[in-house]
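This report refers to the structure that appears directly beneath it.
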Number of protein chains: 2
Amino acid sequence: MSFLYSKSSEYIIRALVYLSNIDKEEYIMIKSISEHTNIPHPFLSKIFQKLAAKKWIISKKGKRGGVKLIADSSKLTLMDIIEWSDGVKDFSQCIFGDRECGDIIPKHDNSVWYPEKQSNCILYDKCNRFKAAIIDFFSNTTISEFKEHNSLFRQ
Amino acid sequence: MSFLYSKSSEYIIRALVYLSNIDKEEYIMIKSISEHTNIPHPFLSKIFQKLAAKKWIISKKGKRGGVKLIADSSKLTLMDIIEWSDGVKDFSQCIFGDRECGDIIPKHDNSVWYPEKQSNCILYDKCNRFKAAIIDFFSNTTISEFKEHNSLFRQ
DNA sequence: GAAATTTAGGATAAAAAAGTCCTCATAAAA
DNA sequence: TTTTATGAGGACTTTTTTATCCTAAATTTC
């Protein structure tokens, strides 16, 4: 299980934050976004193709073309982006193992495993607090919270 | 920047937790560990080669050989393992960008970036709380805390 | 309409991560 | 001493992720 996000997701977040800081009426060239966000241009182009299919942005070909954010950045969370880009994460899984967390325990003779509602995991609470911190941050942080926050970008 | 751990790190944690649950006097076959922890045997062998070089375990070749934990599991933290395996993480970096976090701001005319102690990042506190939760969990969880916690493993 | 510019889309390449295979060295047991 | 078992170590393969390239299509400007 992997909790955090891929490079692609990081790029998407950075690019969308950059776009959300731009006057909505203009189209911005991917090349320009690439330079300001320090994301490789061809790679960013691919990303924007998918973002357009997802309808979080619209694009325009040709002279004075580019891309424009159309999603509501105050509703677009990091979780939305990461799960769409990297795939949905299963926070019920043990972060160290390959099985469900807290619902499998051994019988007393230790011979058979069977499911049980209560957890016998020593780290159950500790892990859950950790997972909760991650879920909380991702789910409750939106692109619009970065508004005017341009220290992420190059001049 | 990537916060969490690779598959290799997950394997190391799972294997060391398994070993820490074993009577210290025995050598345990990597094949057996592999089966109980559901880690591919050849891959786990590679991992144990490195763990032996690191002196967290010792190994013995030949019949009745295997590996044995010699590190103090009550001092061995997840952070120790993850940083050794994946490389040291720089928590001063912005988790969305490629620059320092909270110490670079633009001049008023927006033309030059210069370092500054105070952060102008809107998400500075929020990100720091998030980072702190991760650092706290990794640094303050040791292998010995999983003692007797065998629901991670296969019978 | 022609030229210039910019995204779309498919193919490909490079890098990193994960996983495998084979032979050798070593140790214990027969 | 021979056989068998087991980790060491190097080379190799596969899969995933990240990144690039080239041509076509669309749009604006001249």
Side-chain angles (χ1 to χ4, degrees), chain A residues 1-15 19 22 25-70 82 84-87 89 98, chain B residues 1-15 19 22 25-70 82 84-87 89 98:
Chain A
M1 171 176 203
S2 131
F3 269 123
L4 290 189
Y5 41 82
S6 64
K7 202 88 182 164
S8 284
S9 289
E10 180 195 309
Y11 287 164
I12 296 171
I13 292 168
R14 206 144 87 235
L19 268 188
I22 301 284
E25 297 316 303
E26 302 174 30
Y27 282 90
I28 311 296
M29 278 197 297
I30 295 175
K31 187 90 185 80
S32 158
I33 301 171
S34 149
E35 280 157 6
H36 286 88
T37 57
N38 201 30
I39 299 169
H41 178 231
F43 197 71
L44 189 58
S45 291
K46 286 291 170 213
I47 285 172
F48 271 112
Q49 276 181 34
K50 290 176 198 150
L51 287 174
K54 177 68 178 174
K55 297 213 166 68
W56 280 341
I57 62 118
I58 51 173
S59 64
K60 197 170 78 170
K61 289 181 182 176
K63 257 190 179 169
R64 307 200 53 189
V67 296
K68 188 199 289 188
L69 183 65
I70 54 168
I82 294 164
W84 171 70
S85 167
D86 296 345
K89 293 167 199 313
D98 59 337
Chain B
M1 169 177 204
S2 131
F3 268 125
L4 290 190
Y5 41 83
S6 64
K7 204 85 183 166
S8 285
S9 289
E10 180 195 308
Y11 288 165
I12 296 171
I13 292 168
R14 206 144 88 234
L19 268 187
I22 301 284
E25 295 318 304
E26 303 174 29
Y27 282 90
I28 310 296
M29 279 196 296
I30 295 176
K31 188 89 183 81
S32 157
I33 301 171
S34 150
E35 281 157 7
H36 285 87
T37 56
N38 200 30
I39 300 169
H41 177 232
F43 198 69
L44 188 57
S45 292
K46 287 289 168 216
I47 285 173
F48 272 112
Q49 277 180 34
K50 290 176 197 150
L51 287 173
K54 179 67 180 173
K55 297 215 166 71
W56 280 340
I57 61 119
I58 52 172
S59 64
K60 197 170 76 170
K61 288 183 183 174
K63 257 189 179 170
R64 306 200 51 186
V67 296
K68 189 199 287 190
L69 184 65
I70 53 169
I82 293 164
W84 172 70
S85 168
D86 295 345
K89 292 165 199 313
D98 59 337

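First the proteins, then the strands, lettered A, B, ... as listed; each starts at 1. Quick caveat: nothing in here was measured; it's all calculated off a predicted structure.
Put simply, CD1 on I39(B) is 13 Å from C1' on dA18(C), counting in whole angstrom units. In this structure, NZ of K60(B) is placed 12 Å from C1' of dA29(C), rounded to the nearest angstrom. Summarising the geometry, the separation between CG on D86(B) and P on dA16(C) is reported as 14 Å, rounded to the nearest angstrom. If you take CD of E35(A) and C1' of dT6(C), they are 14 Å apart, rounded to a whole angstrom. Distance CG (N38(A)) to C1' (dA19(D)): 14 Å, rounded to an integer number of Å. When rounded to the nearest whole Å, the span between NE2 of H41(A) and C1' of dT20(D) equals 11 Å. Rounded to a whole Å, the NZ atom of K7(A) is 12 Å from the P atom of dT20(D). As a whole-Å value, the separation of K50(A) NZ from dA8(C) C1' is 13 Å.
Residues Q49(B) and R64(A) each lie close to DNA chain D; by heavy-atom proximity, the contact nearer the 5' end of the strand is made by Q49(B). Across the interface with DNA chain C, nearest-nucleotide mapping of G62(B) and K31(A) shows K31(A) to be the residue nearer the 5′ end.
Nearest to the side-chain atoms of M29(B) among the listed nucleotides dA8(D), dT6(D), dT7(C) stands dT6(D). Closest to the side chain of A52(A), from the set dA8(C), dT29(D), dG19(C), is dA8(C). Here the nucleotide nearest the side chain of S6(B), chosen from dT18(D), dA18(C), dT20(D), is dA18(C).
Phosphate proximity of dA19(D) to Y11(A): present, with a side-chain N or O under 4.0 Å from OP1 or OP2. For the OP1/OP2 pair of dA28(C) and a distance below 4.0 Å, the side-chain nitrogens and oxygens of K61(B) include no atom meeting the criterion. Listed pair S45(B) / dA8(D) fails the phosphate criterion, with no side-chain N or O lying under 4.0 Å from OP1 or OP2. At the phosphate of dA8(C), OP1 or OP2 sits under 4.0 Å from a side-chain N or O atom of S59(A).
Looking only at distances, no side-chain donor or acceptor of S32(A) sits under 3.5 Å from a matching main-chain atom of I28(A). Not a single donor-acceptor pair under 3.5 Å links the side chain of S9(A) to the backbone N or O of Y5(A).
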Step by step, work out the side chain to side chain contact (heavy atoms under 4.5 Å, CB included) result for R14(A) and N38(A).
CA-CA 9 Å; R14(A) 206 144 87 235; N38(A) 201 30; 4.2 Å; yes

Go through the steps for F43(A) and S34(A) under the test side chain to side chain contact (heavy atoms under 4.5 Å, CB included), then give the verdict.
CA-CA 9 Å; F43(A) 197 71; S34(A) 149; over 6 Å; no

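Donor-acceptor pairing under 3.5 Å, judged by distance alone, is present between the side chain of K46(A) and the base of dG10(C).
Side-chain contact between I12(B) and F48(B): absent, with no pair of heavy atoms (C-beta onward) separated by less than 4.5 Å.
Among the heavy atoms of the strands lying under 4.0 Å from P42(A) is at least one base atom, whether or not backbone atoms are also near.
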